[in-house]
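Comments concern the structure below.
Counting convention: from 1, in listed order, for ligands and their atoms alike.
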Amino acid sequence: MAHVSGHSARTDKNLTRMTSLKDILIRRIALQGPISIADYMAECLMHPQHGYYQSATVFGAGGDFVTAPEVSQMFGEILGLWCADRWIAMGRPNKFYFTELGPGRGTLMADMLRATRSVAGFHEAARIVFVEASAQMKAQQAEKVPGASWHSRFADVPEGPTILIANEFFDALPIHQFEKLDDRWLERAVAAEDSGAALTPALIHAGAQLALVPDHIKSAPNGSVAEVCPAGLTVAGDIAARLSAHGGAALVIDYGYASSAAGDSFQALKAHRYVDPYAEPGHADLTAHVAFDQLAAAAESKGAKTFGAIPQGAFLMAAGIGARAQQLAAGSDPAGQRRILGELKRLTAADEMGTLFKVLAIQSTALPSAPGF
Ligand code: SAH
């Protein structure tokens, strides 16, 4: 009896352990050796069962971080009017793909649609398309935005005139990291400690993605860290090719560098605090700063024209958020007015989201200059 129950207890423990992403990764590393930061990031964020974005409460005060559309309806209203302006500039095509990458809870698209209700013909022409990899996120989006359709990758979105928005999407795409030692670049990777109990950073031979690091970063001194996001460059190039072929415009909003430089921006956020990215895989948001100059170069290489990246605060002010805040405040009581001013400050002030966040426009060369830049 004692022997049998001891055996079943051990089996139960093994079963429980197998359900954690950390153990899955430790087993994989034991078989294959250390994995790149990019593989690690992809597994942590998008593993079909244990990925971060498969879990229920990512956003908002009770989640791990707050995004601009969750801060204020004004963000989506301003972006919606920008999209309507571009649709008019495109000659009001009677059908276009109104595409959003990584829509989260669907709040941004819902606000953009609400703000453009009175733009004659815009809603009738819009085919709302979401690019989303997480089943759990899709369910939330379907509730907020009836009538949308979904694709897992931008490349699968049907071809045609396109207006595209991506807010805090590119920062979630997997990066490779390299470290310069003795005048050589090695790749940062994730290994398992000898005990097999914990994940730990390691250095391995650099993969082919090192070739994507721009020369001005490769020439950084010993001890420097370089990052590159091949998936981001691919998506930016694909968007640009689509806009060049079929007409249209895109806005990419995210935190990152207008001019990329050497540096380590890989970070993990849980419950509004920075945590160790290797401690609890799948339970924290993993991101890296977006290299906007590299995205712009990828887009221009596919024949599109880019504007910016400029700071989010400057863009929103130029696009009219100040007037919108005044209009909302005029119809509010003093408490409402304070809330609206607080939201405006949060989105635009230099010490809040106004400077760290940047906005890049990508357009077909046929369109007049993008407003707000
Ligand atoms: N734009 C939203 C949510 C940002 S969070 C907002 O501003 O509130 C990132 C979003 O991108 C989530 O919806 C996440 O599930 C999705 N996402 C992350 N990586 C992805 C990938 N590789 N492919 C498709 N969607 C992805």
Side-chain angles (χ1 to χ4, degrees), residues 37-80 83 98-113 128-145 148-157 164-175 229-236 238-239 250-256 267-270 272 282 284-288 290 312 316 343 346-347 353 356-359:
I37 301 271
D39 280 354
Y40 179 71
M41 224 175 139
E43 293 281 17
C44 288
L45 294 178
M46 284 297 164
H47 185 279
Q49 281 105 50
H50 305 290
Y52 177 72
Y53 283 111
Q54 308 295 346
S55 78
T57 52
V58 169
F59 309 103
D64 294 318
F65 58 95
V66 180
T67 58
E70 306 295 340
V71 166
S72 173
Q73 67 179 68
M74 292 186 288
F75 186 75
E77 289 169 349
I78 295 300
L79 265 49
C83 292
F98 196 8
T99 307
E100 186 178 355
L101 310 185
R105 297 210 283 206
T107 307
L108 176 54
M109 181 58 82
D111 286 338
M112 291 196 293
L113 290 172
I128 298 161
V129 178
F130 286 154
V131 174
E132 176 57 69
S134 153
Q136 186 276 129
M137 289 289 163
K138 278 183 204 170
Q140 293 194 37
Q141 293 153 17
E143 266 181 44
K144 271 255 175 74
V145 185
S149 63
W150 283 264
H151 297 278
S152 302
R153 307 173 328 136
F154 173 72
D156 299 334
V157 174
L164 179 145
I165 300 282
N167 186 58
E168 292 210 41
F169 171 78
F170 282 84
D171 67 74
L173 299 182
I175 58 153
C229 182
L233 300 177
T234 300
V235 176
D238 287 353
I239 292 169
L251 273 188
V252 176
I253 306 123
D254 223 309
Y255 47 95
Q267 63 185 36
L269 204 61
K270 188 175 165 62
H272 307 273
D285 187 32
L286 298 182
T287 65
V290 173
Q312 171 172 299
L316 290 175
E343 292 174 3
R346 183 86 189 273
L347 293 176
M353 299 174 87
L356 175 61
F357 282 76
K358 312 279 191 307
V359 185

Which atoms of ligand 1 are found less than 4.0 Å from any heavy atom of Gly104?
2 (C), 3 (C), 13 (O)
Looking only at atom types and distance, does a side-chain atom of Gln312 sit under 3.5 Å from a main-chain N or O of Leu347, one as donor and one as acceptor?
yes
Numbering as shown, the atoms of ligand 1 that approach Pro69 to under 4.0 Å (heavy-atom distance):
6 (C), 7 (O), 8 (O)
Report yes if some N/O of Asn167 lies less than 3.5 Å from some N/O of ligand 1; otherwise report no.
yes
In terms of heavy-atom contacts, Met353 and Thr67 come closest through CE-C, 4.4 Å
Going by the closest heavy atom to atom 12 (C) of ligand 1, which one wins out of Met109, Arg105, Glu132?
Glu132
May I have the step-by-step check of side chain to side chain contact (heavy atoms under 4.5 Å, CB included) for Ile239 and Leu101, ending in yes or no?
CA-CA 11 Å; Ile239 292 169; Leu101 310 185; 4.0 Å; yes
Heavy-atom contacts under 4.0 Å between Thr67 and ligand 1: side chain, backbone, both, or neither?
side chain
Would you check, one step at a time, whether the test side chain to side chain contact (heavy atoms under 4.5 Å, CB included) holds for Phe75 with Arg346?
CA-CA 11 Å; Phe75 186 75; Arg346 183 86 189 273; over 6 Å; no
Could you pull out all residues at least two apart from Lys270 that satisfy side chain to side chain donor-acceptor pair (under 3.5 Å)?
none
Residues 39-49 side chain polar contacts: donor-acceptor under 3.5 Å, at least two apart:
from, atom 1, to, atom 2, distance (Å)
Asp39, OD2, Arg28, NH2, 3.3
Tyr40, OH, Pro277, O, 2.7
Glu43, OE2, Arg28, NH1, 2.8
His47, ND1, Gln49, N, 3.1
His47, ND1, His50, N, 3.0

Heavy-atom proximity to atom 10 (C) of ligand 1 ranks first, among Gly102, Ala68, Gly51, for Gly102
Side chain, backbone, both or neither: which part of Arg153 has a heavy atom under 4.0 Å from ligand 1?
neither
Ligand 1 contact on Leu45 by region, counting heavy-atom pairs under 4.0 Å:
neither
Who's closest to atom 22 (N) of ligand 1 heavy-atom-wise, of Leu173, Thr107, Leu101?
Leu173
Under the side chain to side chain contact (heavy atoms under 4.5 Å, CB included) criterion, do Thr287 and Leu269 qualify, and how do the steps go?
CA-CA 8 Å; Thr287 65; Leu269 204 61; over 6 Å; no
Indicate, as side chain, backbone, both or neither, the part of Ala133 found under 4.0 angstrom from ligand 1 when only non-hydrogen atoms are considered.
both
